[in-house]
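Notes for the one structure printed next.
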Amino acid sequence: MSEIVNILLAVLYLLVFPGFLFLFFYGLFCEYFDRKLYARMQNRVGPPLFQPFADFVKLLAKEDIIPEKADKGMFSIVPLFAFAGVLTAILYIPIWRTDAVLSFEGDLVVVLFLLTIPSFALFFAGWHSTNLFSQIGAVRTVTQLFGYEIPFFFACLAPALIMGTWSISGILSQTVIRPEVLILLILAFIIAVISLQAKLERVPFDAPEAETEIAGGSLVEYTGRRLAIFRLMFNIKMVICAALITALFLGGPVLFPAVPGPEFIGYLLGFVVFLLKTLFVVFLLTMMRTVFARVRIDQLLKFCYGWLIPLSIVQFLLLILVRSMGWFA
Amino acid sequence: MPKVTIPVGPQHPALKEPINFMVSVDGETIVDADMNLAYSHRGIEKLAESKTYLQNIYLVERICGICSHTHTTCFVQGVEELMGIEVPERGLYIRTLVAELERIHSHLLWTGVAGHEIGFDTLFMYTWRDRELALDLLEMITGNRVNYGINTIGGVRRNIKAGMKDQILKHIGKLEERVQYYTDMATTESTVLLRAEGVGHLPENEARKFCAVGPTARASNIPTDVRKEDPYAAYEELDFELITSDSCDILGRLIVRMQEMVESCKMARQLIENLPSGPIRAPMSREVPAGEVVSRYEAPRGECLYYVKSNGTFYPERLKVRASTYANWPAVVYSLKGYYIADIPLIIAAIDPCMSCTSRVAILDTKDGNERKVLDMDYLRTYGIKWYKEHGRGVRRR
Amino acid sequence: MVRTIGSMFPEAFRHLWKKRATVLYPFEKLELTYRYRGKLEFFDERCKGCKVCEEDCPSFAMEIKDEGKEQDGKTKFRRIYHTDRCLFCGQCAESCMSESIILTKEFELAESDKEKFTIESTYSTEIIAKEREVKEDG
Amino acid sequence: MDLVKWARIKSPWVLHLNTGGCNGCDIEVLAALMPRSDVERFGILLQGSPRHADLIVCQGPITKQMRDRVVRIYEQVPEPKFVMAIGSCACTAGVFQGCYNVLGGIDKAIPVDVYVPGCPPNPAAIVDGVMKLLTKLKES
């Protein structure tokens, strides 16, 4: 009996909450939030609330074209591959309480790994489209990957270092005990947000899909439902990355100071706090998109290796110093 | 990556108009560039021969939508010289005012487009929003936002009413403030500087060799400006400075354009404050005495040149247009080499290209795309003559 | 040279609370200046049949056809106006000797049926030749 | 009204295509995307690739050299697709009627759904054209 309940619960987690259905709507909402803020900062009105949903439905209903020269198998399987990758990652991130649906020691590495899948999917998508622009985009995607991934990993592993655990839920429960540690992680937070912008391939780090240079990069040949899945994947990736950063650096669904009350209200409150914190991260990402110009791919690499990586090493050294002095035992 | 050739255009998000660049790249670096013009070759010069001078004002206005006042003024000036008409002072002032407002709107447009090419959409949105101020003024004075249709042979068609002056001064003040803000912003923002500084380098001697004109030449430290060298309209009575920059790159072109906008605002203010009274146009006949004339005009993009030949009828015998962008193309191809793929749109945009002005040659693609045949000026001319013989002029000759 | 990062930040942030610059056009009225050149309107009763408008039109938007004499000595005319060819330059209104053409401010001319662009009218008038004159202001 | 139709009306993505005209209509189409009339409130986004577009916005008369390209771009756009002709040139070749290298309006090469006359049409007129196209779509 309890096994069946467990299986049903797992299906529920995977498909409804916090899995597919929640991510679908929250991802679309985040796109709306991003676009609306972007428009407001440009003194415009911006899209209506249902806009991302309308885009998604419309794309599903459009004609599906596979270019004659493209590798048909790869071309069609890659979007699903990327989509499945990001969807799995949510299960390890705490959303309404300090522990996630699934967790084990080292799930942080698994999540970080799952979040790199879309970049590779994008590379394959671009490469197998056999369009010149998409191939340039594909090569740039991978080039950029080597730039931002190292500082992003470093920044995300910094909390793990200071908390002494490699599980996201573990880090979060440690944070609840000692919230003052987060002050030490401000530098890592900034690095994580900047490299996240590069990971999501948005301005100023959108060289792989630069609209005015290579006409949209890897996705130039994609139409219809495959494009819809890719776009949804980007939105969900943004949500999950924001959630990860929230969990690692902002205390996830925990409200400081904690409000006493029944468990149910605590969960609900935690969920609301989680939403607000992720929206704050999305707001930071939108702000960056608004006020910067695109940098070239070589300048991006220079920036990552010249600034972000040294800074994240400085952060590491600081944390090691703090730990060895025994201030946080 | 091996050496590949990237086609940029004719439909490309960076280019709002049809043109095709075949850029050979080695990895991300450009080694060579080739250019196919004339996707928008229409045959205007030939068509002009079958339209009256009055109709031709509206035809040449539509050579280019951004610098439409340039083309009409340049044409009309030439015809006026042929006819020996003295344009009333007030007409010249209004003509100059519209020209300077056009320069402001064109440069703001360029700033926005350059921002768009480097992914800085916010700058794009802000500059185009503020450009609406200039367009509002133009709509108020002339009745249309683009293709103003204010010039006519012998003067201008619309007067400036007393009530308009305040609003013009008000909007000019606002524009000045905004231009100052963009200058400060664009010349200090690191992400812009990263993309603009040292990119598209065009040294002075090369710019002279390629006969660059306008802001492109002035950013390479060549002090050339028709408004100073050969003053037309009301420029002789205006006090303004010739802006040059010695940085020879895209940043220099940006700064030159920004400073020019400030100068234009200054000029517009002078024009409004010293607007003489009197008629705005001189009476004119429809017949133009035989003769030929060359007319020069400083467009927002550089020197524009018209040659008009008349044989004493209602119709011009020959009309030749050398638009400013045409003079700048060789400089673009030169300054593309050695930079990155990412710089292509910006370097092309830096001369403020206007493809519709430049189409002189048509390149015929065969169906399989392997063979190219260049149709040059002579071919097009004979082709045009043959075409008109077959199809008729389309205009009733009187 | 001074270098800053994100120098547009304050401006962009301020705009979050600023009033939008957008005119919600189909739902809000658009302000047009009084000189705005829109669709042409004809006062056929004033027309003197000189056909200057047809001659001066740069884009063949106006066709005026002579359809023979009527009993009372007036000439019958058929005027065909092609909105889709018109440049809205206003040269016809300027050239017109009898002020039978004016430019309205109507600009919402989009149609999906091309035939709706052709506006025809027939009228009869006496032909009176008149000298061309230069008009001051439009 | 079914969901798909609703979505189509609410999210027309635009491909900007100059087929050989002057710049006037181009900049007015872009001006329609700008803060003053901001067509993103109707869900309109400017797309770079023909593969992503629903609505081709053409400006200018069709020149001889551009015709094959226009047809090719039209074929690249996935179904359902719509074409808007912006400006008098795109409707009938306008002032360029009789140029030896001009074939005529856009409808000489590809089918057109909505014509927006004007030289150039005001951004508001372009918005009006889009609204008329969407209304037509709604009623079909």
Side-chain angles (χ1 to χ4, degrees), chain C residues 8 11-12 14-16 18-40 54-63 80-93 103-119, chain D residues 22 24-25 28 31-42 61 82-99 102 104-108 111-137 139-140:
Chain C
M8 212 167 216
E11 181 86 358
R14 212 172 53 232
H15 276 98
L16 273 179
K18 243 182 156 178
K19 199 176 171 290
R20 58 184 158 72
T22 313
V23 180
L24 300 173
Y25 156 65
F27 317 109
E28 250 175 44
K29 217 175 142 266
L30 190 79
E31 299 272 333
L32 288 172
T33 52
Y34 78 100
R35 271 180 184 171
Y36 187 82
R37 302 197 299 257
K39 194 180 172 183
L40 303 184
E54 192 188 3
E55 252 161 45
D56 278 352
C57 181
S59 62
F60 317 113
M62 193 91 71
E63 286 174 58
I80 309 165
Y81 168 50
H82 301 275
T83 336
D84 55 345
R85 293 183 191 169
C86 186
L87 303 179
F88 307 98
C89 60
Q91 182 61 46
C92 47
L103 288 128
T104 62
K105 283 204 233 169
E106 193 187 336
F107 64 91
E108 294 148 315
L109 303 169
E111 270 327 324
S112 51
D113 186 5
K114 220 175 168 182
E115 276 163 23
K116 284 186 189 160
F117 288 126
T118 315
I119 297 164
Chain D
C22 78
C25 301
E28 290 298 79
L33 293 160
M34 292 302 132
R36 177 65 75 90
S37 51
D38 184 32
V39 287
E40 203 184 348
R41 63 204 156 99
F42 306 116
F82 311 97
V83 180
M84 254 174 100
I86 303 276
S88 296
C89 299
C91 296
T92 56
V95 74
F96 301 118
Q97 291 168 73
C99 276
V102 168
I106 302 288
D107 44 9
K108 289 277 189 300
V112 177
D113 294 279
V114 164
Y115 300 88
V116 185
C119 193
N122 186 315
I126 296 170
V127 172
D128 175 60
V130 174
M131 294 309 277
K132 277 181 182 153
L133 175 75
L134 297 181
T135 328
K136 188 184 153 192
L137 202 65
E139 283 158 5
S140 67

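Bear in mind the structure is a predicted one, so any value in this text is a computation, not a measurement. When reading the values below, keep in mind they use all heavy atoms of this one structure, side chains included, and skip hydrogens, waters and symmetry mates.
Closest heavy-atom contact between R41(D) and L24(C): NH1-CA, 3.4 Å. Here the closest heavy-atom approach between residue P117(D) and residue F117(C) is recorded as CG-CE2, 3.5 Å. The nearest pair of heavy atoms linking C86(C) to S88(D) is O-OG, 2.7 Å. Here the shortest heavy-atom pairing between Q97(D) and S59(C) reads NE2-O, 2.9 Å.
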When the side chains of residues 120-137 of chain D are checked against the rest of the protein, which donor-acceptor pairs come out under 3.5 Å, sequence neighbours left out?
residue, atom, partner, partner atom, Å
N122(D), OD1, A124(D), N, 3.0
N122(D), ND2, Y36(C), OH, 3.4
D128(D), OD2, K132(D), NZ, 3.3
K132(D), NZ, A110(C), O, 3.0
T135(D), OG1, M131(D), O, 2.4
K136(D), NZ, D113(D), O, 3.4

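With a threshold of 4.5 angstrom between heavy atoms, F107(C) approaches chain D through its backbone and through its side chain. Residue F82(D) does not touch chain C at all, counting heavy-atom pairs closer than 4.5 Å. Interface residue L32(C): only side-chain heavy atoms are found under 4.5 Å from chain D.
Ranking A90(D), G87(D), G94(D), A85(D) against chain C, the residue ahead of the rest is G94(D), based on heavy-atom pairs under 4.5 Å. Counting heavy-atom pairs under 4.5 Å between each of M84(D), R36(D), M34(D) and chain C puts R36(D) at the top.
Using bins of under 30°, 30° to 60° and over 60° for the plane-to-plane angle, the ring pair F27(C)/F42(D) lands in the tilted bin.
Interatomic distance, NE2 of H82(C) versus SG of C91(D), reported as 13.0 Å (0.5 Å rounding). Here the OH-CG distance, from Y115(D) to L109(C), works out to 15.0 Å after rounding to the nearest 0.5 Å. Between the NZ atom in K114(C) and the CG atom in D107(D) there is a gap of 3.5 Å [rounded to 0.5 Å].
At least one donor-acceptor pair closer than 3.5 Å links the side chain of T22(C) to the backbone N or O of P35(D).
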